[in-house]
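Written out below as structure tokens is the structure these notes cover.
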Amino acid sequence: MDRPKTETLSGNQGLRIEEPLIFEQDAPGRCGVDLPETDLADNRLGGVERQDPVGLPGLSEPQVVRHFTRLSQKNYGIDSGFYPLGSCTMKHNPRLNEKMARLQGLGDLHPLQPESTVQGALEMIDTLAHWLKELTGMPAVAMSPAAGAHGELCGIMAIRAALEDRGDPRSRVLVPESAHGTNPATAAACGYSIDSIPADDRGRVDLEAFKSMLGDDVAAIMLTNPNTCGLFENDIIEIADAVHDAGAFFYCDGANFNAIVGRVRPGDLGVDCMHLNLHKTFSTPHGGGGPGSGPTVLSEPLAPFAPLPFVVHGKNGFHLVETIDDPIGGSAKSFGRMKGFHGQMGMFIRSLAYILSHGADGLRQVSGDAVLNANYLLAELSDDLTASFPGPCMHEALFDDRFLKGTGVSTLDFAKAMIDEGFHPMTMYFPLVVSGALLMEPTETESKDALDQYIAVVKGLAAKAKSGNDGPFHEAPVLTPRQRLDETAAARNPVLRWTPPVEEAAE
Ligand SMILES: *Cc1c(COP(=O)(O)O)cnc(C)c1O
């Protein structure tokens, strides 16, 4: 029985405060800080002075503090509870990483400081690069890509440069239909046409179909392993061999490296390049648009084309190679620069802290625990939901909407009902290869207790949906500050700027 909201005098619901937008709280002239009068305006702006108000709301310091504290309490995050979206969106970030990133000597660095004053920082980038090469079994790594998709761009640009260098430009890139949307987008951005490789009934690449698509116009395959169905592509070595026999390169989307780190080295599988989402495998806070970090490992044939800049360890310490003709480590074949400065330094520090605090054995346990937790969900929920593919799975357990058939409840309704139960929903409707997908990634840090609570709720909701009383599902969530929103309208017509209400014109 869903509890209806109780009317209150204030509009507040217990400790949940209903308050206007910060702009609606504006009291002109109110201010949280005392700013000294300045006589610089004329000089600095050459006599140009702003006439109209800046548009910032006037509030006192306690108002600002309360407003943002309340907003933070309305948000559901990894620090508030179980988050079945998994590493793709957020996993637990050990606080040690944060402490390291805030050390004064690191947090206050500036990328334009003289090289002699940032030797320690360059050494850290070099040490992280070493670990990434070691863990992937690859000879080179480009550190500058700023996220997974940027790493894909790095890899495909290196492949294109290598093919052009050997006078063999090619036109097609093969991408499995289960791939993350960034894969075909990247290849298209680099000028390639995309051919979609069908999946077989095991949720993996259809090997025969794939082989028949290869030809001397194929530049690369972009394969995710483990794939987005949470399954290991177990024909990967045969795939790599076929790709190489066709003179093409093997791009592996390594966003899900958290499932295999410390156990499988992609270099041993025949991979030519692969981005690592430091923000997925090696923690570091992300989500909501950033920051990410997507170092991209490269094989011997691709390494000469790596982007600038990169760190070399020369006779006189660590050196950042920033031009193709740098006397210490220039690389004439580099395809150039992908972003300003050296990469996401704050993410590098956090990832290195994560790697060093776990050690090789700890990282191996991370992937083991991530896979164990996902398989626990798969095993416990398979009788209540419909598992899309038989287990075992890797880091993610994939279910689909067949268990909801005839109930009138959709995947969306089911996910919304989880919010009323105090849980963040799982990933919905992705991957696209199964209908009405419900994808769950618990990650390595969740305890059995936390998983059991979640399992009990999912089982309970499944039973409720099947009982024939679908009403509450269509309304859900009803216990939140805002209820079912029109997400399509929100996406199509976002209101990104608050405008003061227009005074009704007198007729
Ligand atoms: C997250 C993800 C990406 C993209 O990474 P971003 O850092 O979000 O750009 C690409 N492929 C897969 C499989 C992913 O999970």
Side-chain angles (χ1 to χ4, degrees), residues 2-42 44-45 48-83 85 89-90 93 95 98 101-102 107 285-291 346 415-425 475-507:
D2 290 311
R3 272 170 295 154
K5 272 202 180 182
T6 311
E7 290 294 329
T8 56
L9 297 172
S10 56
N12 301 333
Q13 297 274 321
L15 300 182
R16 210 170 57 210
I17 309 297
E18 193 59 38
E19 71 174 320
L21 298 178
I22 197 165
F23 288 96
E24 292 163 350
Q25 298 181 47
D26 174 33
R30 198 178 281 171
C31 189
V33 284
D34 290 326
L35 296 172
E37 288 292 324
T38 173
D39 51 7
L40 281 178
D42 284 352
R44 269 204 317 204
L45 302 175
V48 183
E49 226 177 294
R50 186 181 184 120
Q51 298 303 327
D52 33 317
V54 195
L56 292 175
L59 292 101
S60 69
E61 185 176 281
Q63 280 184 300
V64 173
V65 171
R66 285 182 183 156
H67 177 73
F68 286 105
T69 303
R70 287 167 181 163
L71 274 191
S72 76
Q73 290 164 343
K74 284 182 181 151
N75 193 18
Y76 187 98
I78 183 69
D79 293 341
S80 17
F82 181 59
Y83 212 76
L85 294 178
T89 303
M90 190 62 83
N93 297 293
R95 293 305 186 265
E98 296 304 313
R102 281 167 176 70
H286 66 289
K416 295 290 183 192
M418 298 208 54
I419 301 176
D420 278 335
E421 298 288 344
F423 282 91
H424 195 289
E475 310 270 294
V478 294
L479 301 174
T480 44
R482 296 291 176 271
Q483 281 77 45
R484 182 79 67 107
L485 302 175
D486 183 344
E487 291 169 3
T488 311
R492 296 269 159 83
N493 309 304
V495 181
L496 302 177
R497 184 186 291 265
W498 181 80
T499 37
V502 186
E503 304 264 322
E504 290 283 320
E507 298 265 323

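This structure is a prediction, so every number in the text was calculated from the model and none was measured. The residues of the chain are indexed from 1 along the displayed sequence.
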Open item on the list: Is the shortest side-chain heavy-atom distance between P477 and L479 below 4.5 Å?
Closed with: no
For residues [X] and [Y], report the shortest heavy-atom separation together with the two atoms involved.
X	Y	result
R95	D79	NH2-OD2, 2.7 Å
A415	P425	O-CG, 3.4 Å
S72	T69	OG-O, 2.7 Å
T8	G11	OG1-N, 3.1 Å

- [ ] For D34, look at atom CG and say whether over 12 heavy atoms of other residues, nucleotides or ligands are found less than 6.0 Å away.
- [x]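 No, not enclosed.
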Open item on the list: Is it the case that atom CG in L21 sees more than 12 heavy atoms from other parts of the structure closer than 6.0 Å?
Closed with: yes
Task: From CZ (R70) to CZ (F68), nearest 0.5 Å - done: 12.5 Å
TODO: First locate atom CD1 of I17, then atom CG of N12, and finally report the distance between them rounded to the nearest 0.5 Å.
DONE: 4.0 Å
- [ ] Spell out, as yes or no, whether a donor-acceptor pair under 3.5 Å connects the side chain of K74 to the backbone of R16.
- [x] no
Open item on the list: Main chain of A476, side chain of D420: is a donor-acceptor contact present, judged purely on distance under 3.5 Å?
Closed with: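 Checked: no pair found.
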Indicate every side-chain donor-acceptor pair of residues 55-65 with a distance under 3.5 Å to a residue at least two apart or in another chain.
| from | atom 1 | to | atom 2 | distance (Å) |
| --- | --- | --- | --- | --- |
| S60 | OG | Q63 | N | 3.4 |
| Q63 | OE1 | R30 | NH1 | 3.0 |
| Q63 | OE1 | S60 | N | 3.0 |

Open item on the list: Strictly below 4.0 Å, N to O, side chains only: are R484 and E475 in salt-bridge contact?
Closed with: no
Open item on the list: For Y76, give me all partners under ring pair (Phe, Tyr, Trp, His ring centres under 6.0 Å), at least two apart in sequence or on another chain.
Closed with: H424
- [ ] I would like to know whether R482 and E18 meet salt bridge (Lys or Arg N to Asp or Glu O under 4.0 Å); could you show each step before the answer?
- [x] CA-CA 10 Å; R482 296 291 176 271; E18 193 59 38; 3.0 Å; yes
TODO: Please lay out, stage by stage, how E19 and E24 fare under the test side chain to side chain contact (heavy atoms under 4.5 Å, CB included).
DONE: CA-CA 9 Å; E19 71 174 320; E24 292 163 350; over 6 Å; no
Taking distance alone, no hydrogens or angles, what donor-acceptor pairs closer than 3.5 Å link side-chain atoms of residues 487-494 to residues at least two apart or in another chain?
| from | atom 1 | to | atom 2 | distance (Å) |
| --- | --- | --- | --- | --- |
| E487 | OE2 | K416 | NZ | 2.5 |

